[in-house]
K.L.:
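This is the structure I want to talk about, given as structure tokens.
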Protein chains: 2
Amino acid sequence: MGDTAGTKTIPEEGLGALDEILGFHIRLAHNAVYRHFTETFADLGLTQKQVSVLWLIEDSDDIAQTDLGRRLQIDRATIMAIVNRLQSRGYVERSQSKTDGRRQTLHITPAGHDALQKAWTANRIHEEWLKSKFTPEEVDVLINFLRRIHD
Amino acid sequence: MGDTAGTKTIPEEGLGALDEILGFHIRLAHNAVYRHFTETFADLGLTQKQVSVLWLIEDSDDIAQTDLGRRLQIDRATIMAIVNRLQSRGYVERSQSKTDGRRQTLHITPAGHDALQKAWTANRIHEEWLKSKFTPEEVDVLINFLRRIHD
DNA sequence: TCGAGTTAGTATGTTGTGCGTACCATAATA
DNA sequence: TATTATGGTACGCACAACATACTAACTCGA
């Protein structure tokens, strides 16, 4: 161990200059949230993205992939992969759009609906864990700040 | 909603219930930051994680991988992969620790130092973009909030 | 001092995501 | 009609997170 002699000067805990970087804190926070999410959703085996997508599909039945991507700010190719996974699990289905031959409309299957029910419960726990770190007013402020970043 | 033609009721823009979820906003914000970071650092070809790690190694010369992981909250196997990439680029080197045979101490090469210099410039631009969305006081508040999440 | 348990590093493999590129079919338009 | 734009798809690459398993080195208690 770095004894008393001055040779080993490993800063014990600090993050140094990184601590000033806003982007860095966002990454760390996101990571922490991601980890807790994964834990909470371990039984379901769904990721954040998958739940978000599933959620939005249920919310807006017959939505197309492109719109999905637009709202969640996800690349066309990436949303494709996510929907594929959801589909191969039997949670969503694709069908042809009547009005536009290029489009595929997405909808939730009963199994997907069930998964979403469970996801809702898990998410309540997850959100409570997260929000418990703040007062309700602070939550509002924080969401407002974050919206400024991603809007 | 579907006032005009009735059949297609795709909510125009909203995120529905998702909009209430704090975790969801963190994800979106993180994503936006990630994208801008990638753009800004395109020339360098370094990721957020790589820069963070490089930075910390320079900051604390002879740090071990484990300590790195502890500070950045990154898994042992994951930090391994990151350091490998950095090493194969010639940005960092490993050497045996004198005091503990299990440990590898990490240090920056001149090439790594150069890369960090450029990263510093790129990061200034990136941070300015990010922080320009807030007043200095708000930045402090935000960092404080984020720290609560990841600490 | 010996042996059990812990810690650091490593290798390997899987999963999910993000993005680039290319291709095709179908609109939309000039 | 010819051209361009759009939506979906396939393929491939790079990264990251994590699990598992193994070795070597250290620590500590009986």
Side-chain angles (χ1 to χ4, degrees), chain A residues 1 10 27-28 30-39 41-42 44-54 62-89 91-106, chain B residues 10 27-28 30-39 41-42 44-54 62-89 92-106:
Chain A
M1 48 231 291
I10 297 185
R27 273 160 253 159
L28 273 191
H30 172 260
N31 250 292
V33 171
Y34 180 82
R35 272 196 306 277
H36 186 273
F37 185 102
T38 306
E39 255 178 68
F41 282 72
L44 258 175
L46 289 174
T47 67
Q48 293 179 334
K49 287 286 152 72
Q50 289 166 356
V51 173
S52 300
V53 167
L54 214 48
D62 280 350
I63 194 174
Q65 286 182 190
T66 308
D67 297 329
L68 218 44
R70 236 191 299 280
R71 288 196 213 169
L72 296 173
Q73 306 179 49
I74 296 178
D75 178 74
R76 201 154 104 252
T78 306
I79 205 84
M80 179 81 200
I82 295 174
V83 172
N84 278 346
R85 261 169 236 127
L86 254 20
Q87 190 183 27
S88 72
R89 285 215 194 181
Y91 289 173
V92 304
E93 282 175 343
R94 294 183 227 238
S95 33
Q96 298 288 336
S97 165
K98 293 290 177 192
T99 55
D100 187 334
R102 292 167 301 181
R103 285 176 169 249
Q104 301 271 333
T105 68
L106 301 171
Chain B
I10 297 183
R27 272 161 252 161
L28 273 192
H30 172 259
N31 250 291
V33 171
Y34 181 82
R35 273 195 305 277
H36 186 273
F37 185 102
T38 307
E39 255 178 69
F41 282 72
L44 259 175
L46 288 174
T47 66
Q48 293 179 334
K49 287 285 154 70
Q50 288 167 358
V51 172
S52 299
V53 167
L54 213 48
D62 280 350
I63 194 174
Q65 286 181 190
T66 307
D67 296 330
L68 220 42
R70 236 191 298 279
R71 287 195 214 172
L72 296 174
Q73 306 180 48
I74 296 177
D75 181 68
R76 201 154 104 252
T78 306
I79 205 83
M80 179 82 199
I82 295 174
V83 171
N84 278 347
R85 261 168 236 130
L86 255 18
Q87 190 183 27
S88 71
R89 286 215 194 181
V92 304
E93 282 175 345
R94 294 183 225 238
S95 34
Q96 298 288 339
S97 164
K98 291 292 178 191
T99 53
D100 188 334
R102 293 166 302 180
R103 284 174 168 252
Q104 301 270 332
T105 69
L106 301 170

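Quick note: numbers below take in every heavy atom, side chains included, and nothing from hydrogens, waters or symmetry partners. Naming: A, B, ... by sequence-line order, numbering from 1 per chain.
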K.L.:
Of the non-hydrogen atoms in A:Thr47 and A:Phe37, which two are nearest, and what is the gap between them?
P.N.:
C-CE2, 3.5 Å
K.L.:
Classify the nucleic acid contact of A:Arg94 as base, sugar-phosphate or nothing, counting any heavy atom under 4.0 Å across all strands shown.
P.N.:
sugar-phosphate
K.L.:
Looking at five pairs on each end of the helix from C:dT1-D:dA30 to C:dA30-D:dT1, what is the angle between the two axes, given to 10 degrees?
P.N.:
20°
K.L.:
Between B:Gln48 and B:Val33, is there a side-chain heavy-atom distance shorter than 4.5 Å?
P.N.:
yes
K.L.:
So which atom in A:Arg103 and which in A:Ala64 form the shortest heavy-atom distance, rounded to 0.1 Å?
P.N.:
NH1-CB, 3.1 Å
K.L.:
Using a 4.5 Å cut-off on heavy atoms from C-beta on, say whether the side chain of B:Lys49 contacts that of B:Thr78.
P.N.:
no
K.L.:
May I ask you to test the A:Arg35-A:Asn31 pair for a side-chain heavy-atom distance under 4.5 Å?
P.N.:
yes
K.L.:
May I have the distance from B:Gln65 (atom CD) to D:dA24 (atom P), rounded to whole angstrom?
P.N.:
18 Å
K.L.:
Summarise protein proximity over nucleotides 14-21 of chain D in one line of letters, 5' to 3': B for base, S for sugar-phosphate only, - for none, counting protein heavy atoms closer than 4.0 Å.
P.N.:
-SBBBB-B
K.L.:
May I ask you to evaluate whether A:Arg102 reaches the phosphate of D:dT6, defined as a side-chain N or O under 4.0 Å from OP1 or OP2?
P.N.:
no
K.L.:
For B:Val83 and B:Val92, work out which heavy atoms get closest and say how close.
P.N.:
O-CG2, 4.0 Å
K.L.:
Which atoms form the tightest heavy-atom contact between A:Ile79 and A:Ile74, and what is the distance?
P.N.:
N-CG2, 3.7 Å
K.L.:
For B:Lys98 and D:dC26, give me the distance from atom NZ to atom P, rounded to whole Å.
P.N.:
13 Å
K.L.:
Quick check: do A:Ile82 and A:Arg85 have side-chain heavy atoms less than 4.5 Å from each other?
P.N.:
yes
K.L.:
Using the heavy-atom set of chain A and a strict 4.0 Å cut-off, write down the first and last nucleotide of DNA chain C that makes it in, 5' to 3'.
P.N.:
C:dG16 to C:dA27
K.L.:
Rounded to whole angstroms, how far apart are CG on A:Leu68 and C1' on D:dT6?
P.N.:
17 Å
K.L.:
Name the one of B:Arg76, B:Gln104, B:Arg94, B:Arg70 that satisfies side chain to side chain donor-acceptor pair (under 3.5 Å) with B:Gln65?
P.N.:
B:Arg94
K.L.:
Looking at every heavy atom in both B:Arg89 and B:Leu46, which two are closest together, and how far apart are they?
P.N.:
NH1-CD2, 3.7 Å
K.L.:
I need the minimum non-hydrogen distance between B:Thr105 and B:Gln96, along with the two atoms involved.
P.N.:
OG1-O, 4.3 Å
